[in-house]
Amino acid sequence: MQRARHRFPSGFVFGAATSAYQVEGAVTADGRGESIWDRFCAQPGAVRAGDSGEEACDFYHRFPQDVELMRELGIDAFRFSIAWPRVLPEGRGRVEQRGLDFYDRLVDALLEAGIRPFATLYHWDLPQRLEDEGGWPERATAEAFVEYVETVAERLGDRVADWTTHNEPFCSAWLGYASGAHAPGRSSVADGIAAAHHILLSHGWAVEALRRTCPGSSVGIVLDCWPVHPASDDPADVEACRRVDALRNRLYFDAVFRGAYPEEALEQVAPAAPPIRDGDLAAISRPLDFVGVNNYSRMLVRAGADGVPVEVRAPQGRLTEMGWEVVPDALHEVLTRIHREYRAQRIYVTENGAAFYDVRLHDGRVHDPERIDYLDRHLAAVARAIEAGVPVAGYFVWSLLDNFEWAHGYAKRFGLVYVDYPTQQRVPKDSFYWYRDLLTGRRAAATPV
Ligand code: FCB
């Protein structure tokens with residue numbers, strides 16, 4: 001098996017990631033309010049096999065054992081998200097202390113294990129009450145987000161020093177409100193673009209709230225970025241590619257780093273338009289300490305009828321179980337692009353990983369050589385970007401645990417740790433031991449691996 005003997009600067013952060021709805025379960029425990037994902041999962045046909053996050057990995061109750069696993073893994077940092085409906089069950093107003101207590105205990109357990117907590121404030125689980133009042137297409141939802149962020153920061157800000165506001169605004173806005181593939185399942189371009197604007201606006205406002213509430217902490221946002229490549233050099237394919245890149249990637253990066261929405265994106269949503277008010281773009285583009293980037297693959301696009309972009313499969317591509325092509329160079333490309341075009345001063349790879357057909361064998365183990373190969377080659381791509389001068393400060397594997405993979409339910413396993421859902425038993429996969437050995441080797445050598 002390959003070994004990642006790539007060079008990383010000292011202080012480089014190696015971590016693993018999860019998100020609240022995907023792992024916590026316990027959806028009615030301790031006064032948690034309903035989220036849009038609880039509601040969405042209850043709609044017939046919305047999620048594969050009728051799965052939901054109702055139990056997930058039961059991380060809510062089992063986190064002490066999972067923190068032990070993290071300690072054994074030897075990660076420097078754990079990226080997790082906080083569930084808004086646990087903290088403010090109605091989205092605003094009444095604070096549920098028991099919800100905050102849970103994150104308080106989790107943060108203490110991490111610190112006790114010598115693991116740095118990286119908290120994400122929104123990973124797609126909007127309180128249903130706010131959705132009933134219009135959801136992210138409404139500006140009032142962005143205002144409520146600030147109240148939530150302040151509440152969390154006041155409680156955890158003495159111990160959490162690394163904050164990200166949102167995870168992948170493209171997904172929460174576009175998949176949630178324009179394509180309908182994710183909660184809350186609306187399909188309106190106007191709602192999608194309004195949601196994108198208010199999510200970004202709430203990010204900007206949250207940055208200001210975090211700077212005020214926890215001065216000295218490090219604040220950023222997590223954006224997903226997949227390079228978009230043309231299926232051929234036909235100019236129509238190249239143009240289709242440019243359009244997809246504008247709507248999927250540049251809309252978010254340009255807003256956050258340049259305070260402007262790209263024309264090529266706006267013309268695709270017209271006559272709908274983001275409901276911009278004076279000062280919004282300045283708020284959205286407040287300076288950040290870092291940007292987190294989630295990358296898994298690339299998109300290959302050709303021009304369909306009337307030039308409408310169509311996604312295609314690479315003829316020779318190796319695919320993961322998600323049907324995503326394995327392209328380590330895609331990660332290298334996004335890192336260098338973000339550095340070159342947006343001049344981000346610090347970048348974390350906040351998610352990277354793969355789902356494969358993992359099974360537990362008679363020896364009780366889960367052998368996942370494809371995942372090891374995937375991680376190894378992607379880490380090599382990160383190391384190459386660093387050598388080229390890109391300021392990448394850390395890398396988080398998605399995911400620590402197999403978990404609820406949104407509309408795919410439990411069918412897709414991304415974990416370093418296999419979860420046997422009926423018993424909730426954790427079985428570290430071969431990739432867990434591979435990652436552990438990589439981190440141990442780095443420490444033992446006391447020099448970069
Ligand atoms: C990302 C999400 C994360 C997980 C991975 C596979 O888009 O942020 O929650 O589902 O994909």
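Predicted model, so just to flag it, every value in this text is computed and none were measured. Counting starts at 1 for both ligands and their atoms, in listed order.
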**OP:** Could you tell me how the ring of Phe59 sits relative to the ring of Phe78: parallel (under 30°), tilted (30 to 60°) or perpendicular (over 60°)?
**Re:** tilted

Original post:
Which class fits the ring pair Phe63 and Phe102: parallel under 30°, tilted 30 to 60°, perpendicular over 60°?
Top reply: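 Rings of Phe63 and Phe102: perpendicular, as their planes differ by over 60°.
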
Give the numbers and elements of all ligand 1 atoms closer than 4.0 Å to a heavy atom of [X].
X	result
Trp398	3 (C), 4 (C), 5 (C), 6 (C), 9 (O)
Phe414	6 (C)
Trp406	3 (C), 4 (C), 9 (O), 10 (O)

Under 3.5 Å: N/O of [X] near N/O of ligand 1:
X	result
Trp124	no
Gln22	yes
His123	yes

Subject >> Which residues share a ring pair (Phe, Tyr, Trp, His ring centres under 6.0 Å) with His378, sequence neighbours left out >> reply: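 For His378 the ring pair (Phe, Tyr, Trp, His ring centres under 6.0 Å) partners, ignoring immediate neighbours, are Tyr374.
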
To check your reading of the model: name the closest protein heavy atom to [atom], its residue, and the distance in Å.
atom	value
atom 7 (O) of ligand 1	Glu168 OE1, 2.6 Å
atom 10 (O) of ligand 1	Glu405 OE1, 2.7 Å
atom 2 (C) of ligand 1	Glu351 OE1, 3.3 Å
atom 5 (C) of ligand 1	Tyr296 OH, 3.2 Å

Subject >> contact_flag Asn167 ligand 1 heavy-atom lt 4.0 Å >> reply: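 Contact present.
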
Original post:
What is the minimum heavy-atom distance between Tyr103 and Ala20, and which atoms define it?
Top reply: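 Taking every non-hydrogen atom into account, OH-CB, 4.2 Å.
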
Subject >> Main-chain N/O of Val326 paired with Ser297 side-chain donor or acceptor, under 3.5 Å >> reply: no

Original post:
Taking atom types as modelled and ignoring hydrogens, do the side chains of Gln22 and Ser19 form a donor-acceptor contact shorter than 3.5 angstrom?
Top reply: yes

Original post:
Regarding Arg248 and the six-membered ring of Phe170, is the cationic atom NZ or CZ under 6.0 Å from the ring centre and inside 45° of its axis?
Top reply: yes

